[in-house]
Number of protein chains: 2
Amino acid sequence: MSQERSLPPVVERLWGREPVSRRGPRPRLDLTMIASAAIEIADAEGLAGVSMASVASRVGVAATALYRYVGSKEELLTAMADFVVPMPPDPAGRPWRDYLELWTRAQRDTLLEHPWLLPIAQLTPPLGPRRLLWLDRLLAALDGMGLDGGEKINVASALAGYALTDAALVATSGEPHVVDPGVGGADDYGEALAGLLDAETYPALSAAVRAGALRGAEGWVDDGDFHFGLELLLDGVEALIARRASGDDVGGK
Amino acid sequence: MSQERSLPPVVERLWGREPVSRRGPRPRLDLTMIASAAIEIADAEGLAGVSMASVASRVGVAATALYRYVGSKEELLTAMADFVVPMPPDPAGRPWRDYLELWTRAQRDTLLEHPWLLPIAQLTPPLGPRRLLWLDRLLAALDGMGLDGGEKINVASALAGYALTDAALVATSGEPHVVDPGVGGADDYGEALAGLLDAETYPALSAAVRAGALRGAEGWVDDGDFHFGLELLLDGVEALIARRASGDDVGGK
DNA sequence: ACCTGAACACCGTTCAAGT
DNA sequence: ACCTGAACACCGTTCAAGT
């Protein structure tokens with residue numbers, strides 16, 4: 001029941017469980033130093049600059065020494081993705097809807113500050129202490145609204161997903177070369193489309209392009225768009241809460 | 001106004017504009033053959049199996065010959081991500097809400113059939129003919145509901161993002177080793193969490209775990225969860241449409 | 001026990017040379 | 001113009017050897 005399952009060693013280390021060494025020289029590094037160095041490199045040069053060799057040289061060690069602390073580069077990326085997350089905002093005293101918006105916006109801002117997170121953040125369920133702290137605070141903000149645990153987790157994952165895809169869109173459009181160097185930025189986008197679409201195969205899309213739908217204030221996606229989509233989700237949550245409060249059905253299906 | 005912008009050559013080729021060669025031997029390949037070979041490899045071995053060398057050898061050519069057709073491996077991935085997309089479902093005669101659900105579910109199914117799409121699909125706005133066809137059909141399904149072009153595109157991007165994050169969750173949970181070989185599957189998840197969380201730092205989350213919130217029918221995420229989150233979004237869209245129909249405000253802010 | 005250095009099996013991409 | 005083959009500058013990861 002409460003038996004421990006085997007987790008990747010890097011996850012144990014994420015939770016502060018560095019193995020206690022008994023014999024031989026004391027370790028010169030720990031996971032925090034390594035992940036911090038990797039994060040600094042990624043912030044400065046992007047994910048492409050992060051190699052076992054570059055991280056090792058930044059902490060002053062041979063590349064192969066890192067394998068005492070992480071099982072693989074993949075595990076190093078997992079550690080980076082947890083260490084880079086700041087503390088979640090405090091839900092105390094805030095109406096649930098305000099907090100959900102604040103939480104989602106903060107998640108998106110973190111992704112935009114560290115765009116290298118985009119390709120690695122969504123591929124794994126949260127297991128690190130910082131990411132789980134965010135999840136905890138969102139569940140707390142939804143306490144007492146009549147939702148069960150599974151529903152609250154679903155809401156959290158829908159909001160986290162929205163933050164992620166919005167950030168990905170902004171990163172590729174606003175800063176053309178941050179993520180995908182092969183595709184132009186927002187300004188080119190509408191005009192590039194206009195040159196490619198024929199109105200017969202793409203009737204609705206070319207009508208929208210002709211009407212200027214792609215020209216937002218700052219391009220393809222701006223903050224107004226973020227708010228717009230988020231309101232869609234929050235309206236849905238509100239409808240669900242209203243249904244639960246009125247004591248309608250309990251499970252659907 | 002309708003002037004052509006410079007696009008990556010691979011995008012030109014995506015739209016069937018292979019350059020017309022005048023002198024010398026005729027090309028032995030085209031982008032379709034190369035992308036299809038790469039897709040077959042990715043389906044069989046995952047993204048890690050796709051290298052310039054492996055793709056080249058499958059089409060019977062030296063690795064360096066591929067650079068006549070794609071500018072870089074990055075461009076090859078872009079081509080793969082468009083070629084792998086099937087035709088969108090036909091919106092004709094369907095109520096908008098039914099079609100939006102069908103469309104989103106079909107997007108998610110494509111991602112689950114080709115999980116290697118997950119790390120590459122979200123990083124770039126759609127520029128290929130197949131992905132834009134999906135966008136066109138969704139805009140068409142929302143015609144006549146009082147939404148403007150920008151709003152319809154925002155709805156499309158919220159739905160596409162939802163399909164993507166849900167697929168990522170299912171891929172990592174249901175099939176533990178598809179995307180991230182370092183993290184266990186759904187069965188382990190709740191038990192692993194239980195061993196790590198202390199109730200003081202994570203009060204809401206450990207309460208939810210204790211209540212069994214993570215044990216769905218098939219694990220962490222199942223189809224019921226997909227439907228649940230999608231309904232949140234569609235309820236939001238419906239609320240927006242109702243507002244527009246009643247002629248309330250026109251843009252907010 | 002921790003770290004190094006050499007070595008292995010790969011990468012993506014360039015460029016000159018062939019036809 | 002297309003394709004090849006050699007070459008370059010990297011990768012992540014292993015393993016034996018040092019301390």
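Quick caveat: nothing in here was measured; it's all calculated off a predicted structure. Per chain, numbering begins at 1; letters A, B, ... match sequence-line order.
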Would you mind building the protein contact string for nucleotides 12-19 of chain C? One character per nucleotide, 5' to 3', B for base within reach (heavy atoms under 4.0 Å), S for sugar-phosphate only, - for untouched. SBB-----
Can you list every ring-ring contact (aromatic ring centres under 6.0 Å, His included) pair that touches residues 15-72 of chain B, not counting sequence neighbours? A:Y202-B:W15
Contacts of B:R58 that satisfy salt bridge (Lys or Arg N to Asp or Glu O under 4.0 Å) - sequence neighbours left out: B:E40
B:Y69 side chain near D:dC3 phosphate (N/O to OP1/OP2, under 4.0 Å): yes
Residues passing the side-chain contact (heavy atoms from CB on, under 4.5 Å) test with A:A81, sequence neighbours excluded, are A:L117, A:I120, A:R131
Ranges pairing with ranges for DNA chain D, where each run has three or more Watson-Crick or G-U pairs under 3.5 Å: C:4-8 with D:12-16, C:12-16 with D:4-8
Taking only residues two or more places apart in sequence, or in another chain, which ones meet B:D82 in a salt bridge (Lys or Arg N to Asp or Glu O under 4.0 Å)? B:R130
Residue met sooner reading DNA chain C from 5', once A:G24 and B:A48 are mapped to nucleotides: A:G24
A:L66 CG to C:dG5 P, in whole Å, measures 14 Å
Please identify each residue that fulfils ring pair (Phe, Tyr, Trp, His ring centres under 6.0 Å) with B:F83, with sequence neighbours left out. none
Which residues satisfy the salt bridge (Lys or Arg N to Asp or Glu O under 4.0 Å) test with B:E113, sequence neighbours excluded? none
Pairing residues for B:S54 by the side-chain hydrogen bond (donor to acceptor under 3.5 Å, both in side chains) criterion, not counting sequence neighbours: B:S51
Residues which pass side-chain contact (heavy atoms from CB on, under 4.5 Å) with B:T201, listed by chain and number, not counting sequence neighbours: A:L133, B:D198
Interface with DNA chain C, restricted to residues 27-47 of chain A and to heavy atoms under 4.0 Å: A:P27, A:R28
Hey, are the side chains of B:I39 and B:W116 touching, using non-hydrogen atoms and a 4.5 Å cut-off? yes
The criterion is salt bridge (Lys or Arg N to Asp or Glu O under 4.0 Å); which residues satisfy it with A:R137, sequence neighbours excluded? none
